[in-house]
Amino acid sequence: QVQLVESGGGLVQPGGSLRLSCVVSGSGFSINAMGMGWYRQAPGKEREFVALRNSGGRTNYADSVKGRFTISRDNANNTLFLQMNSLKPEDTAVYYCAADKGNYYSVLEKIANHYELDYWGKGTLVTVSS
């Protein structure tokens with residue numbers, strides 16, 4: 001069974017930074033060949049895509065976070081990161097880590113069509129407020 005566990009959320013002032021982590025575990029499971037991404041869900045809103053990074057290093061970001069957020073991964077330690085800078089109150093949300101067995105383009109297609117990726121964490125809350 002695959003588990004994704006997020007951490008690093010918390011309360012931060014506007015303009016501040018946070019770094020989220022997602023550790024993936026499971027017997028014999030490796031993220032090496034998987035697409036890994038972050039989603040978020042703000043209060044009263046639908047879950048939305050934030051960022052994607054495939055095993056080859058290709059990335060894709062939502063327009064709302066481009067230039068402020070950076071997704072990275074440590075395949076050796078089955079860990080995904082999201083560095084969030086210049087945070088805004090509208091970034092307040094529960095942030096979810098997700099993983100998918102598909103290739104870069106199939107994952108992008110899932111994202112575009114609002115289909116579920118294969119594996120999900122339970123989320124970590126980020127609150128941006130003064």
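As the structure is a computational prediction, the values presented were derived from the model and not from experiment.
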Between Arg40 (side chain) and Thr92 (backbone), is there a donor-acceptor pair under 3.5 Å? no

If I take atom CG from residue Asp91 and atom OG from residue Ser64, how far apart are they, to the nearest 0.5 angstrom? 7.0 Å

Going from CD on Gln3 to OG on Ser25, what distance comes out if it is rounded to the nearest 0.5 angstrom? 5.0 Å

For the backbone of Phe81 and the side chain of Arg73, can you confirm whether one donor and one acceptor N or O come within less than 3.5 Å of each other? no

The reported gap from CZ in Arg19 to CG in Asn85 (rounded to nearest 0.5 angstrom) is 11.0 Å

Under 6.0 Å from the six-membered ring centre of Trp38 and within 45° of its axis: does the NZ or CZ of Arg53 meet both? no

Main-chain N/O of Thr79 paired with Asp74 side-chain donor or acceptor, under 3.5 Å: no

If hydrophobic clusters are built from ILVMFWY residues whose side chains come within less than 4.5 Å, do Val12 and Leu20 share one? yes

Just to verify, what does Asp63 make a side chain to side chain contact (heavy atoms under 4.5 Å, CB included) with, not counting sequence neighbours? Lys66

Would a line drawn from the ring center of Tyr39 to the ring center of Tyr96 be shorter than 6.0 Å? no

Please report the interatomic distance CG(Asn103) to CG(Asn54), rounded to the nearest 0.5 Å. 8.5 Å

Backbone N or O of Glu109 within a donor-acceptor pair of the Asn113 side chain at under 3.5 Å? yes

So do Leu80 and Val24 actually touch side chain to side chain, heavy atoms under 4.5 Å? no

Tell me which one of Val107, Leu117, Asp118 satisfies side chain to side chain contact (heavy atoms under 4.5 Å, CB included) with Lys101. Asp118

Taking Tyr104 for its side chain and Thr59 for its backbone only, find out whether a donor-acceptor pair lies under 3.5 Å. yes

Count the heavy atoms belonging to other residues, nucleotides or ligands that lie under 6.0 Å from CD of Gln83, then report whether that count exceeds 12. yes

Main-chain N/O of Glu48 paired to Gln41 side chain as donor or acceptor, under 3.5 Å: no

Are the side chains of Leu18 and Val126 in touch, meaning some heavy atoms are under 4.5 Å apart? yes

Side-chain heavy-atom pair Lys110, Asp100 within 4.5 angstrom cut-off: yes

How many angstroms lie between atom CD1 of Ile71 and atom CE of Met36, to the nearest 0.5 angstrom? 7.5 Å

Report, as yes or no, whether the 6.0 Å neighbourhood of atom CD on Glu90 holds more than 12 heavy atoms from other residues, nucleotides or ligands. yes

Evaluate the ring planes of Tyr95 and Phe69, with Trp represented by its six-membered ring, and classify them as parallel (under 30°), tilted (30 to 60°) or perpendicular (over 60°). tilted

Any non-hydrogen side-chain atom of Tyr105 less than 4.5 Å from a side-chain atom of Arg58? yes

Determine whether Thr124 and Ser7 make a side-chain contact, defined as any pair of heavy atoms from C-beta on separated by less than 4.5 Å. no

Measure the shortest side-chain to side-chain distance between Arg68 and Lys88 over non-hydrogen atoms and say whether it is less than 4.5 angstrom. yes

Determine whether Met34 and Leu52 fall in the same hydrophobic cluster, where Ile, Leu, Val, Met, Phe, Trp and Tyr are linked whenever their side-chain heavy atoms lie under 4.5 Å apart. no

Between Ser129 (side chain only) and Thr127 (backbone N and O only), is there a donor and an acceptor less than 3.5 Å apart? no

I want to check something: taking the side chain as every heavy atom from C-beta on, are Ser55 and Asn32 in contact at a cut-off of under 4.5 Å? no

